[in-house]
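Down below is the structure, laid out as C-alpha cells.
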2 protein chains.
Amino acid sequence: MRNLHIAAAQLGPIARAEPRDEVVARMIALLERAAQRRADLVVYPELALTTFFPRWFMADQAEVDAFFETEMPNAATMPLFARARELGIAFSFGFAEKLLEGGRPRRFNTSILVDRSGRIAQRYRKIHLPGHPENEPWRAFQHLEKRYFEPGEEPFGTSDLLGGRFAMAICNDRRWPETYREVALRGAEVLLLGYNTPLHYPLAPEHDHLQAFHNHLCLQSGAYQNGLWVVGVAKAGREEGCDLLGQSCIVAPTGEIVAQASTVGDELVSADCDLDRCAEIRANIFNFALHRRPEMYTALRAG
Amino acid sequence: MRNLHIAAAQLGPIARAEPRDEVVARMIALLERAAQRRADLVVYPELALTTFFPRWFMADQAEVDAFFETEMPNAATMPLFARARELGIAFSFGFAEKLLEGGRPRRFNTSILVDRSGRIAQRYRKIHLPGHPENEPWRAFQHLEKRYFEPGEEPFGTSDLLGGRFAMAICNDRRWPETYREVALRGAEVLLLGYNTPLHYPLAPEHDHLQAFHNHLCLQSGAYQNGLWVVGVAKAGREEGCDLLGQSCIVAPTGEIVAQASTVGDELVSADCDLDRCAEIRANIFNFALHRRPEMYTALRAG
C-alpha cells in the first residue's frame, strides 16, 4: 500500500479586482485545513490566482498581461510556497505564464507541481486550448483562450514524488481521452486537473444542463480506462456574472468518485489514495501490453 | 434531420444445447416487434447464434469448431436474412467465423452489418480480444477468447447505408477509448456494439459490483467524446450457470442514454436517432480539426 492523503482545494469566484495576495490568502487557508487532515498534496484549480480573464475581449495587450505571471514563485505566491514548505505539503496550481524567449513574449496556460520542499518538480502547459481567437460579440461572454495563450508545445509529462508518479492536465484537456492515455502510457498514477468551466456553452446552449454530467463522465471514464487516480478541481461559482461549475472531485482508478465538493465556494475535499490500487485496473482489464492493439489505431497514428 | 429508428435486440441466455434455428427464431421474433415500430435497423449481440462458448476449455478442436460458422448467410440464418429483407430492415449480429485461407483454418469473433436488401455491407473482426489463451482451472469459468480466436487484423472500418455512416465493435472493444476515436475519425455516426459480459471477473472480483457502471461509463463517454450514436446490445441473463450483464442501451451523441433494457431476457428497446445530432458535439466542443492535437500524442503514436 502506498497511501497518500490528497486534497482537492476548490476555489470560489475571484473578482476581477481581487488582488493576488488576497487569493493566495484563501489558498493558504485551504492549505491549513488540509494540514489538519495530514494531507500530502493539495491541488488547486486552473488559473488559480486571478479571475478567468479569457471571458473578456481586451484590445490592449497590457491589460491582458496584467493577468500573467512572469516568474514563479513571485512576491504574491511566495507566502503559499513558504507555508507549504513549513507544513511539508506538496501542491499544484494553475496560472497564466508569460515568458521571454529570445526577446519574444510567449504566453501559456500553465500548471505546476511543487514538492514538499518547495521545489517546482514539474511544469505543464495546456495542450488542448478551447474557445476561439477573435472577439465574438454575439456571445454572452467570450472564451478567448486561443487568443491569449499559445498551445503547449510539449507532450504530457510526468514527475516522480511522494512515492508515486504524477501528471497534470488543465480544464479542456480532461474531455479528451488522449490526455489520460498519454499519461497512463507514461506510467502516471495520479492525474491533477484544474478547471474553469462555465455552465453556459454559447455554441450549444441546449447542452448547458449536461455540463455537470459531462464533467464527471470524462473524469470517471478517464480514471477507469487508465487505472489512474484523477483529482479534478474547479474554480466555481458566480464569477463576474458568469456561473462556473463546481463538482471538484477525487476519482479512484475504478472510476468511482471518492470525494466531492458540494458547494461552489472555497471548499476542501480529500481522500486516501492508495497508489497501488492502480494495478487493480492496469494489471487486469486494462493491461496495455496484453490487450492494447496500437498497430490497429491507424487513424489515431495518422492523426 | 436524418432520423433513423434503431432497435437494440437484447438476447437472453442461450443454452449450450440450443440449436441455431431456435435462436434465429427468437431473433426473428424481435425483428417482427421492431417492424411494428417501423425500425430501420436492428442490432443483436456478439456471438448471437450460440452460447458464449469461450467459458469452457475444450481440448478437442472439433468440439470448438461446432460453435463456428463457415459461411454467412447459412442454412440456420437464412430465415433471418429473408424476413429482414421482406420487411426492409437492416440488421447486425455477431458470430464465430471460421474460414480457410490457403488451406489454413482461421477463426475470428466477427460481426456483420446487413443492409435493407439483405446484402452484407460490412464485416468486422474483433480487435481487442479479452481473456487468456490457456486453461486456468482456478477460475469459476474460463474466458478463452485469446485461445479460440485470432485478433482482427484490419483497423476499424465504416460503411455507408440508410443515409448514414456506421461502424461496428465487439464487447471488450467498447472499453477502449481508441475504438470510438478510430471510428469517429473515419466519420462514423453510429457505432454498433454487441457484448457478452459476465458479472464475475475472476481477476478482480472486488469490482464485480461495478460491471454495470463500467459498461455504461464506457458507452456514454465514448458517445459523448466522439459525438456518436452508440448502440450497445447484450446477451444477458444466467447462461449455463454464468450471469451475464444486461443493460442494453442506445446512447445519444450527448452521452445520454435514450433507451435501455430492464430485463435480462429477450427484449427490444428502440429510439429515434437523428444522425444530424452528431454535429452538436463534433462541430463544437469535439471539433477534431480545431481542437485535437495529434502531434502531442507521442505515446499513442509510438504505440
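To find a chain, count down the sequence lines: A is the first, B the second, and so on, and within it residues start at 1. Quick caveat: nothing in here was measured; it's all calculated off a predicted structure.
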>> With a 3.5 Å distance limit and no angle check, can you tell me whether Arg181(B) reaches the backbone of Tyr297(A) through a side-chain donor-acceptor pair?
In response: no

> Which heavy-atom pair separates Gln225(A) from Ser221(B) by the least distance, and what is that distance?
Replying inline: NE2-OG, 4.3 Å

> Which one, Ile281(B), Leu203(B), Thr179(B), Asn172(B), leads in non-hydrogen pairs under 4.5 Å with chain A?
Replying inline: Leu203(B)

> Hey, is the main chain of Pro294(B) close enough, under 3.5 Å, to the side chain of Glu178(A) for a donor-acceptor pair?
Replying inline: no

> So which part of Leu210(B) gets closer than 4.5 Å to some heavy atom of chain A, the side chain, the backbone, both or neither?
Replying inline: side chain

> Looking only at heavy atoms, what is the nearest atom pair of Leu217(A) and Gln220(B), with distance?
Replying inline: CD2-O, 3.6 Å

>> At a heavy-atom distance under 4.5 Å, which candidate from Glu280(B), Lys146(B), Glu182(B) has the highest pair count against chain A?
In response: Glu182(B)

> So which heavy atom on Pro151(B) is nearest to which on Arg293(A), and how close?
Replying inline: CB-NH1, 3.0 Å

> With only heavy atoms counted, which part of His207(B) is less than 4.5 Å from chain A, the side chain, the backbone, both or neither?
Replying inline: side chain

> Measuring from His214(A):NE2 to Glu256(B):CD, what's the distance to the nearest 0.5 Å?
Replying inline: 6.5 Å

>> Please classify the contact of Pro130(B) with chain A as side chain, backbone, both or neither, using a heavy-atom distance under 4.5 Å.
In response: backbone

> Does any heavy atom of chain A fall under 4.5 Å from the side chain of Leu129(B), the backbone, both, or neither of them?
Replying inline: backbone

>> Please enumerate all residues that pass ring pair (Phe, Tyr, Trp, His ring centres under 6.0 Å) together with Phe286(B), with sequence neighbours excluded.
In response: Trp176(A), Tyr224(B)

>> To the nearest 0.5 Å, what is the distance between CD on Glu154(B) and CE on Met296(A)?
In response: 8.5 Å

>> Between Thr298(A) and Arg186(B), is the side chain to side chain contact (heavy atoms under 4.5 Å, CB included) condition met? List the steps.
In response: CA-CA 10 Å; Thr298(A) 53; Arg186(B) 293 179 169 88; 2.6 Å; yes

> Which heavy atom in Ala204(A) sits nearest to a heavy atom in Asn284(B), and how many Å separate them?
Replying inline: CB-ND2, 4.2 Å

> Does a side-chain heavy-atom distance below 4.5 Å link Glu295(A) with Glu153(B)?
Replying inline: no

>> As an exercise, state the distance from CD of Gln211(B) to CD1 of Ile285(A), rounded to the nearest 0.5 Å.
In response: 7.0 Å

